[in-house]
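Atoms within a ligand are numbered from 1 in the order they appear, just like the ligands themselves.
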Amino acid sequence: MTDRQITIPYIAAAYEELAAADRELVDKAREATHRSYAPYSHFYVGAAIRLDDGTVVTGSNQENVAFPSGTCAERTACYYAHSAHPDTAFNTIAIAARQSDGSEIAVPVAPCGACRQALLEYELLAGHDVRVILVGSKEVYILPSVRALLPFAFTEF
Ligand code: THU
């Protein structure tokens with residue numbers, strides 16, 4: 001029997017400390033929350049993906065009266081990005097969220113398990129790490145890769 005540990009590397013930073021390109025991506029994720037369709041949860045999520053060529057693609061959560069038919073912001077963004085730009089790798093994704101009173105959540109929003117799995121597929125396709133920026137009103141977390149968010153990932157069968 002062996003005791004093992006996995007540690008998750010990430011940087012906690014203030015928005016003002018981010019590089020200009022990352023600040024821009026955070027701004028776009030925040031803007032995308034305003035295009036969320038969330039009449040059921042009233043939780044408005046936005047995602048912005050920068051591709052390796054600099055293109056930025058955004059998405060937001062899109063809910064449905066048949067609840068499972070809705071989808072998260074991260075998957076809207078990554079499916080849209082890869083269907084519009086199938087030959088260009090993802091570089092960085094930023095995710096932001098607002099609550100029913102319109103205020104941004106304080107603790108950086110963390111993608112659900114299904115979105116982590118979906119994003120990992122595009123990291124593998126990219127052939128390099130895809131940085132993940134989780135946005136909160138007080139601080140921002142920067143993860144070096146999607147893999148860091150999903151250590152025991154399902155990657156082949
Ligand atoms: N949601 C996202 O879009 N991304 C996340 O990371 C967490 C949850 C959405 C799904 C649903 O529309 C609403 O937020 C409440 O769960």
Side-chain angles (χ1 to χ4, degrees), residues 6-15 18 21-51 55-86 89-126 128-155:
I6 292 175
T7 53
I8 297 175
Y10 71 101
I11 293 166
Y15 170 83
L18 299 179
D22 286 346
R23 277 205 305 272
E24 190 203 336
L25 206 61
V26 168
D27 294 346
K28 299 233 182 220
R30 284 175 163 159
E31 282 166 28
T33 66
H34 294 279
R35 295 187 289 275
S36 156
Y37 175 66
Y40 305 104
S41 71
H42 304 287
F43 189 66
Y44 309 99
V45 188
I49 297 173
R50 184 184 301 284
L51 306 180
T55 305
V56 174
V57 172
T58 63
S60 56
N61 55 329
Q62 298 294 313
E63 297 185 348
N64 190 275
V65 64
F67 286 0
S69 303
T71 191
C72 294
E74 297 88 328
R75 273 176 286 167
T76 306
C78 73
Y79 296 153
Y80 176 35
H82 197 252
S83 54
H85 306 275
F90 291 13
N91 183 275
T92 307
I93 178 168
I95 306 153
R98 287 182 303 112
Q99 311 167 102
S100 52
D101 66 0
S103 65
E104 183 165 50
I105 62 164
V107 176
V109 59
C112 77
C115 286
R116 293 175 199 212
Q117 183 73 41
L119 288 167
L120 183 66
E121 188 92 10
Y122 299 104
E123 179 165 272
L124 296 173
L125 276 179
H128 57 65
D129 289 349
V130 173
R131 294 163 65 246
V132 182
I133 303 176
L134 308 180
V135 183
S137 62
K138 296 197 162 54
E139 56 182 3
V140 169
Y141 297 160
I142 306 164
L143 290 110
S145 63
V146 176
R147 190 69 185 222
L149 276 172
L150 195 60
F152 284 109
F154 176 65
T155 54

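Ligand 1 places these atoms under 4.0 Å from at least one heavy atom of Ala73: 2 (C), 3 (O). Residue contact check: Glu74 has heavy atoms under 4.0 Å from atoms 2 (C), 3 (O), 4 (N), 5 (C), 6 (O) of ligand 1. Remark: ligand 1 atoms within the under-4.0 Å shell around heavy atoms of Glu63 are 11 (C), 12 (O), 13 (C). With ligand atoms numbered from 1 in the order given, ligand 1 contributes 14 (O) to contacts under 4.0 Å with heavy atoms of Phe43. For ligand 1, the atoms lying closer than 4.0 Å to a non-hydrogen atom of Cys72 are 1 (N), 2 (C), 3 (O), 4 (N), 10 (C).
With a 4.0 Å cut-off on non-hydrogen atoms, Ala110 touches ligand 1 through its backbone and not its side chain. With a heavy-atom cut-off of 4.0 Å, Ser41 touches ligand 1 through its side chain alone.
Between Val45 and ligand 1, no pair of N/O atoms sits closer than 3.5 Å. Considering backbone and side-chain atoms together, Asn61 places an N or O closer than 3.5 Å to an N or O of ligand 1.
By the 4.5 Å heavy-atom criterion applied to side chains, Ile133 and Asp22 are counted as neighbours.
A donor-acceptor pair shorter than 3.5 Å can be found between the side chains of His42 and Tyr44. Between Arg98 and Ser36, the side chains place no donor N or O within less than 3.5 Å of an acceptor N or O (distance only, hydrogens not considered).
Within a 6.0 Å radius of CD in Glu31, more than 12 heavy atoms belonging to other residues, nucleotides or ligands are found. With a 6.0 Å radius and a threshold of 12 heavy atoms from other residues, nucleotides or ligands, Tyr80 has its OH atom at or below the threshold. A 6.0 Å sphere centred on OH of Tyr15 holds more than 12 heavy atoms belonging to other residues, nucleotides or ligands.
Taking the six-membered ring where tryptophan is involved, the planes of His82 and Tyr122 are tilted, since the angle between them lies from 30° to 60°.
Taking the charged nitrogens against the carboxylate oxygens, Glu123 and Arg147 have no contact shorter than 4.0 Å, which rules out a salt bridge.
Atom 16 (O) of ligand 1 is never approached by the protein to below 4.0 angstrom, counting heavy atoms only.
Assignment of Pro111 to the shell around ligand 1 is supported, since a heavy atom sits closer than 4.0 Å.
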